[in-house]
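Start at 1 and go down the list; that is how both ligands and their atoms are numbered.
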Amino acid sequence: MIYFDSLASYPMLPEVSEELRLTMQAHFANPSASHMLGEQGKELIEDTREALAESIGAFASEIIFTSGATETNNLIIKGVVLPLLLKGKKPHLITSVLEHKCVLSISNYLESLGCEVTYLRPNFRGEIKPEQVKNALRENTVLVSLMHVNNELGTINPISEIGYICTTARVPLHTDAAQSYMKIETDVDDLNVDFMSLSAHKIGGPKGVGAAYIRDLKGLDISPIIHGAGQEFGVRGGTLPTPLIAAFGTAIGVFSNYYSLQQNMELKQQLLIGLQKLGVKYRVNGGEEVLPSCISLTLPCSNIEGLLRGSHQSLALSQGSACSAGSIEPSHVLTSLHFNRDEASKTLRISFSHINTAEDIQALLNEIAKYTKC
Ligand SMILES: *Cc1c(COP(=O)(O)O)cnc(C)c1O
């Protein structure tokens, strides 16, 4: 099986699986326990907290562990908005139509409870411009939530400039950095963000663990989504999963030994030159500056559904659409770029990782050639 789906989940790194195996066996104690075994587990957790904080230019006291970026998005957006709704206020949230599905469902839910929501629309490349945020700000805006890198196109939003506008207007900015973390620069001060969502399995770590960065956590009134026994500064209840967090720390430590700009560029180049040589018509979506390990391609003369069916057992690819309730709906991201149903169905998201080789690209090109007429 050739894996071209690292944006859905990055292949687990060898050091990570080794760390998981070891900690699963040795660190079964509850890390909140006050005996030595508990303390040893807690130490591993605090090591990861330190490493994570350092990797984004934050303090360890501003990091909360969660089950992943989905939960973090819930914690931050609901944590800010729900207390205001409960107090009878009418808060306003700014987000965009091409956010990850979870942010859209959180926003829709809050809207149903009386929150005002502005859904910004991207330009044809899939970017949100700082000007749009500026124009959307209102007296009652309590949060701006915009993703750093889009998970279907790889497009990079100008978060730093947007953050500058938000800071000036004294409105907090949240960015979902699940796709950008460790792949491009994600320093919280450079990006001017107050909240950030991270996920371990997008950087070769285990699924089921992620983190929230919350600037100045102690001074904020964030209400928990999961109430518990006081873990994570009272912001997120539940026994911390020592092995998952330790392995997350390992991924943070070694990911950059694997993820290579050079390798990603070469694979992308080889793919595009290969398509040109074959005479396959294609269009690259998302503009010039996208995440190096991602490419979204529309192939107007290719039978992408046939390709996906035919290569189901040999290639792991992602179509620009998601199956829901038996019918294939075009992806909300592509729809927001005004793709029609046909264009969306002819769009492929190909995402690379360190395990991909030139032979993999050749195999992909051979498959595409089989399903292309013209
Ligand atoms: C993968 C992803 C998520 C979901 O993260 P989980 O840790 O799987 O919950 C959220 N946002 C973006 C941009 C993602 O790519």
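Applying the side chain to side chain contact (heavy atoms under 4.5 Å, CB included) rule to T335 yields the partners P330; only residues at least two apart in sequence or on another chain are considered. Scored by the side-chain hydrogen bond (donor to acceptor under 3.5 Å, both in side chains) test, K370 finds E367 as partners (sequence neighbours excluded).
Protein residues with a heavy atom closer than 4.0 Å to ligand 1 are G68, A69, T70, H100, M147, N151, D176, A178, Q179, S199, H201, K202, listed by chain and number.
Across L75, T175, L143, L173, a single residue satisfies side chain to side chain contact (heavy atoms under 4.5 Å, CB included) together with F195, and that is L143.
Remark: side-chain polar atoms of T66 are paired, donor with acceptor, to backbone N or O of G68 under 3.5 angstrom. Here the side chain of Q132 pairs a donor or acceptor atom with the backbone of R121 at under 3.5 angstrom.
Listed by first and then second residue, the ring-ring contact (aromatic ring centres under 6.0 Å, His included) pairs involving residues 334-360 are Y10-H354, Y258-H354 (not counting sequence neighbours).
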